[in-house]
Amino acid sequence: PAARALRTGRTGVIAFHFAPTPPGEQLSPRVGQVLSGALDACAERNISITIPAGQARPACDGAIVLAADVAGLALEVPHVRVGLDDPADDQLIAPDPGPIDEALTAIFDHGHRRMAVISDQMEAPWFARRAAIWPGEARVLTTPSESHEHGFTIGRELLIHGRQPPTAIVVVGENLAFGLMAAITELGLRAPDDVSLVAIGDRDSFTPEMASVRIPQRELGARAVAHLGGIMDGGDATRAGRVPCEFHLGETLGPPPAP
């Protein structure tokens, strides 16, 4: 890298920023898959990736950000963000939101009028905007991480202690979804007979039975590297575009239980 910097004025390094993982927890599958796709794309371009600690800003040519607070990083290099669609962010690599909207519509069309969304802090604002226009009663619960434990704990709280528990739950993240399923099973409930479940996460993580929106997370990482490389090379820096995903109906979405 040092020789390249002297020859080209570049470091040959891209920084990969993501929200800190709470102590004792593993890297979330979403971050891992996006990072894996970015690493493969960088290897093809003979570029290295560095993962900064906290708010550090290492010497690099550009950055990929998998976090909501891009402004807080005060980046001084070209960068792109990976996340759900934001009309105000032209440098965003996003999954196509159409299948997610399709899933929310399917929940209502199945007869549900009370829905909860469990999401981490990064995607919660996007779902809050969708919840505000959903025809029924919808609320968004934010978790500090995508861990199995948080999915389990929030699932129990929703289904036991709520005066009017939701009849359908959308959960963002594979580990949260599996934690929620564990809570449903422990409570002696079944999906979709007692509560419907739609999971949103990597396309290779869910069984055919799980109603889910399947996102190619590795492709998001690869696309981020390609778009960032174009910006660094002085190419077109207009809106980055969307990555196709799909809504899979599965078997965990059905009508709400009878009153």
Side-chain angles (χ1 to χ4, degrees), residues 30 68 83-88 94-144 146 150-201 203 205-215 242 245-259:
R30 174 174 55 171
L84 284 173
D85 206 24
D86 182 349
D96 178 7
I100 302 177
D101 288 331
E102 183 183 351
L104 298 180
T105 299
I107 290 171
F108 187 83
D109 289 346
H110 273 77
H112 295 275
R113 298 298 181 264
R114 295 195 308 277
M115 176 183 72
V117 178
I118 303 173
S119 172
D120 68 355
Q121 296 174 352
M122 177 177 168
E123 309 295 12
W126 189 91
F127 281 99
R129 293 194 295 269
R130 287 304 196 267
I133 60 175
W134 195 70
E137 175 189 330
R139 53 180 169 149
V140 178
L141 295 92
T142 303
T143 71
E146 297 179 30
H150 280 106
F152 181 85
T153 301
I154 292 178
R156 282 182 55 89
E157 289 293 323
L158 275 174
L159 297 170
I160 292 179
H161 300 297
R163 294 180 58 186
Q164 286 190 312
T167 60
I169 302 175
V170 176
V171 59
V172 186
E174 298 87 341
N175 285 348
L176 286 173
F178 297 138
L180 176 60
M181 283 297 295
I184 290 172
T185 300
E186 183 184 89
L187 294 172
L189 305 176
R190 293 183 297 175
D193 295 345
D194 302 299
V195 60
S196 284
L197 170 65
V198 176
I200 298 175
R203 65 184 175 189
S205 298
F206 301 122
T207 64
E209 294 77 22
M210 180 80 77
S212 54
V213 177
R214 302 180 176 209
I215 299 172
R242 297 168 174 170
C245 54
E246 62 176 343
F247 170 49
H248 177 73
L249 184 58
E251 299 175 7
T252 58
L253 173 59

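Just so it is clear, the values below take in all heavy atoms, side chains as well, and ignore hydrogens, waters and symmetry mates.
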Do [X] and [Y] have side chains that approach each other closer than 4.5 Å (heavy atoms only, starting at C-beta)?
X: Leu84; Y: Ile100; value: yes
X: Pro166; Y: Arg139; value: yes
X: Asp194; Y: Ile184; value: no
X: Trp126; Y: Ser119; value: no
X: Leu253; Y: Pro192; value: no
X: Leu180; Y: Ile154; value: no

Using every non-hydrogen atom in the two residues, find where [X] and [Y] come nearest and quote the distance to one decimal.
X: Ala124; Y: Thr142; value: CB-OG1, 3.5 Å
X: Pro95; Y: Arg242; value: C-CB, 4.4 Å
X: Gly201; Y: Phe206; value: N-CE1, 3.6 Å
X: Glu123; Y: Gly83; value: OE2-CA, 3.8 Å
X: Gly111; Y: Pro256; value: O-CG, 3.5 Å

With Glu209, which residues qualify under side chain to side chain contact (heavy atoms under 4.5 Å, CB included), at least two apart?
->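 Glu209: side chain to side chain contact (heavy atoms under 4.5 Å, CB included) contacts with Thr207, Glu251.
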Nearest 0.5 angstrom please: [X] [atom1] to [Y] [atom2], how far?
X: Asp120; Y: Glu146; atom1: CG; atom2: CD; answer: 4.5 Å
X: Ile160; Y: Leu158; atom1: CD1; atom2: CG; answer: 10.5 Å
X: Phe247; Y: Asp96; atom1: CZ; atom2: CG; answer: 14.0 Å
X: Ile169; Y: His112; atom1: CD1; atom2: NE2; answer: 10.5 Å
X: Phe152; Y: Met181; atom1: CZ; atom2: CE; answer: 12.5 Å
X: Ile200; Y: Ile215; atom1: CD1; atom2: CD1; answer: 6.5 Å

Main-chain N/O of [Y] paired to [X] side chain as donor or acceptor, under 3.5 Å:
X: Thr252; Y: Ala211; value: yes
X: Arg130; Y: Asp101; value: no
X: His110; Y: Ala106; value: yes
X: Arg114; Y: Ala138; value: no

Please evaluate residues Val213 and Cys245 with respect to the criterion side chain to side chain contact (heavy atoms under 4.5 Å, CB included), reporting the C-alpha separation (whole Å), side-chain torsions for both, the decisive distance (0.1 Å), and the verdict. CA-CA 7 Å; Val213 177; Cys245 54; 4.2 Å; yes
Candidate pair Leu197 and Met210, rule side chain to side chain contact (heavy atoms under 4.5 Å, CB included), full reasoning: CA-CA 8 Å; Leu197 170 65; Met210 180 80 77; 3.8 Å; yes
